[in-house]
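Beneath this line is the structure, given in structure tokens, with notes to follow.
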Amino acid sequence: MPASTLITHPLPPVWNAQSKVLLLGTMPSPKSRELGFFYMHPQNRFWRVLPQVFGESLTHPNKVPDTKAAIEERRDFLLRHNLALWDVLASCQIKGAADSSIRREIPNDFSQILSESKIRHVFFTGQTAAALWKKHCARLYEERFNLEVHSLPSTSPANARFTLENLIEEYQIVKKYTLD
């Protein structure tokens, strides 16, 4: 396992005033940081799951040489479906992409996103993101912004318990709240 490194979140959140659902992970993986967008590791299933939930597919896979086109396609997809995407943490000490190694965490500030959008539902893309939200953010934001929070299984390849089909089924709930 790599040495623990202090990481400051390099990616801005994706959202706009029409966003209704906020999807939150913990911290971008080294591969996602390198490629400049969320869930860009070739084996991560996030960008195979979410489009399927909405009856779509992406034309640019995670390992495409044209990462700019892939990022724009993903950003457009999120905003078109009233989705916001970010991570719970602004910085942390982490070994590689291992959420279990996270230490010295500092949460992101969600005040602007929540006050300037229609977000009332927050979905965590894994148990660690949910636990970190509960530890650092729940008391600051849930009552103030009338938020409902939900945990979803991780789309990481490390989560072998869930097949792609299982993940698509679990993530169907996200679509329900984008239509309200």
Side-chain angles (χ1 to χ4, degrees), residues 1-15 19 21-53 62 74 78 83-111 113-114 119-145 147-175 177:
M1 170 141 321
S4 184
T5 308
L6 181 61
I7 301 295
T8 299
H9 201 299
L11 306 174
V14 177
W15 69 284
S19 298
V21 168
L22 175 58
L23 298 162
L24 291 175
T26 52
M27 176 64 74
S29 70
K31 191 65 168 173
S32 293
R33 294 191 306 266
E34 174 191 326
L35 296 174
F37 203 65
F38 304 88
Y39 303 102
M40 292 299 280
H41 189 286
Q43 274 96 38
N44 193 297
R45 298 171 288 176
F46 184 87
W47 292 115
R48 287 182 277 164
V49 169
L50 209 55
Q52 289 291 312
V53 166
N62 279 5
R74 284 154 178 74
L78 292 165
L83 298 169
L85 181 61
W86 207 15
D87 289 305
V88 175
L89 299 180
S91 70
C92 67
Q93 194 87 29
I94 188 169
K95 292 179 183 176
D99 280 359
S100 61
S101 73
I102 290 174
R103 304 287 181 268
R104 297 180 47 208
E105 61 269 15
I106 296 173
N108 273 312
D109 181 349
F110 296 93
S111 301
I113 291 174
L114 295 172
I119 293 169
R120 295 299 169 259
H121 297 276
V122 178
F123 288 89
F124 307 105
T125 62
Q127 296 303 314
T128 304
L132 290 167
W133 172 272
K134 185 175 181 178
K135 178 180 178 181
H136 297 290
C137 303
R139 72 183 194 295
L140 296 173
Y141 302 111
E142 287 181 20
E143 188 176 324
R144 178 177 163 201
F145 292 102
L147 298 176
E148 287 186 34
V149 298
H150 315 265
S151 290
L152 293 167
S154 172
T155 57
S156 165
N159 185 10
R161 268 186 10 170
F162 283 85
T163 65
L164 181 63
E165 292 74 23
N166 296 145
L167 289 168
I168 292 167
E169 185 177 319
E170 292 286 330
Y171 276 68
Q172 289 294 326
I173 191 171
V174 172
K175 185 176 181 180
Y177 294 111

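Side-chain contact check for Ile7 versus Arg33: some heavy-atom pair is nearer than 4.5 Å. Under the 4.5 Å side-chain criterion, counting only non-hydrogen atoms from C-beta, Ser29 is not in contact with Asn44. The shortest distance between side-chain heavy atoms of Leu85 and Phe46 falls below 4.5 Å. For the pair Leu50 and Leu23, the minimum side-chain heavy-atom distance is below 4.5 Å.
We find the CZ-OG distance between Arg161 and Ser154 to be 10.5 Å, quoted to the nearest 0.5 Å. Taking CD of Gln52 as the reference point, atom CD of Glu165 lies at 9.5 Å (rounded to 0.5 Å). If you take CG on Asn108 and CG on Leu89, they are separated by 7.5 Å, rounding to the nearest 0.5 Å. Distance check: Trp86 CH2 to Leu11 CG gives 10.5 Å after rounding to the nearest 0.5 Å. Here CD of Glu148 is found 5.0 Å from OH of Tyr177. Values are rounded to the nearest 0.5 Å. Atom CZ of Phe37 is separated from atom CZ of Arg74 by 8.0 Å, given to the nearest 0.5 angstrom.
Minimum heavy-atom separation, Leu35 to Met40: CD1-O, 3.7 Å. When all heavy atoms of Phe38 and Ser32 are compared, the closest pair comes out as C-OG, 4.0 Å. Here the closest non-hydrogen pair linking Phe123 and Leu152 is CD2-CD1, 3.7 Å. Minimum heavy-atom separation, Leu24 to Tyr39: C-OH, 4.3 Å. Counting all heavy atoms, side chain and backbone alike, Val53 lies closest to Gln172 at CA-NE2, 3.7 Å. Closest approach of Ile119 to Ala84, counting heavy atoms only: CD1-CB, 3.8 Å.
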From CA spacing to verdict: side chain to side chain contact (heavy atoms under 4.5 Å, CB included), Ser156, His41: CA-CA 9 Å; Ser156 165; His41 189 286; over 6 Å; no
What's the verdict on side chain to side chain contact (heavy atoms under 4.5 Å, CB included) for Leu22 and Leu147, showing C-alpha distance, side-chain angles and the deciding distance? CA-CA 10 Å; Leu22 175 58; Leu147 298 176; over 6 Å; no
Given Val122 and Phe110, is the side chain to side chain contact (heavy atoms under 4.5 Å, CB included) satisfied, shown in steps? CA-CA 11 Å; Val122 178; Phe110 296 93; over 6 Å; no
Ile173 and His121: CA distance, side-chain angles, deciding distance, side chain to side chain contact (heavy atoms under 4.5 Å, CB included) verdict: CA-CA 11 Å; Ile173 191 171; His121 297 276; over 6 Å; no
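Residue pairs meeting the side-chain hydrogen bond (donor to acceptor under 3.5 Å, both in side chains) criterion with at least one partner in residues 2-14, sequence neighbours excluded, are Ser4-Gln93, His9-Asp87.
A side chain to side chain contact (heavy atoms under 4.5 Å, CB included) with Arg48 holds for exactly one of Leu164, Ile168, Leu167; it is Leu164.
Within 6.0 Å of CD in Glu169 there are 12 or fewer heavy atoms belonging to other residues, nucleotides or ligands.
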Show me the donor-acceptor pairs within less than 3.5 Å that the side chains of residues 126-140 make with the rest of the protein, sequence neighbours left out.
| residue | atom | partner | partner atom | Å |
| --- | --- | --- | --- | --- |
| Trp133 | NE1 | Glu142 | OE2 | 2.7 |
| Lys135 | NZ | Glu105 | OE2 | 2.6 |
| His136 | NE2 | Glu105 | OE2 | 3.2 |

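With hydrogens and angles disregarded, no donor-acceptor distance shorter than 3.5 Å links the side chain of Arg120 to the backbone of Val21.
Of the N and O atoms on the side chains of Thr155 and Tyr171, not one donor lies less than 3.5 Å from an acceptor on the other residue.
In terms of the salt bridge (charged side-chain N to carboxylate O under 4.0 Å, His left out) criterion, residue partners of Glu34 (sequence neighbours excluded) are, by chain and number, Lys31.
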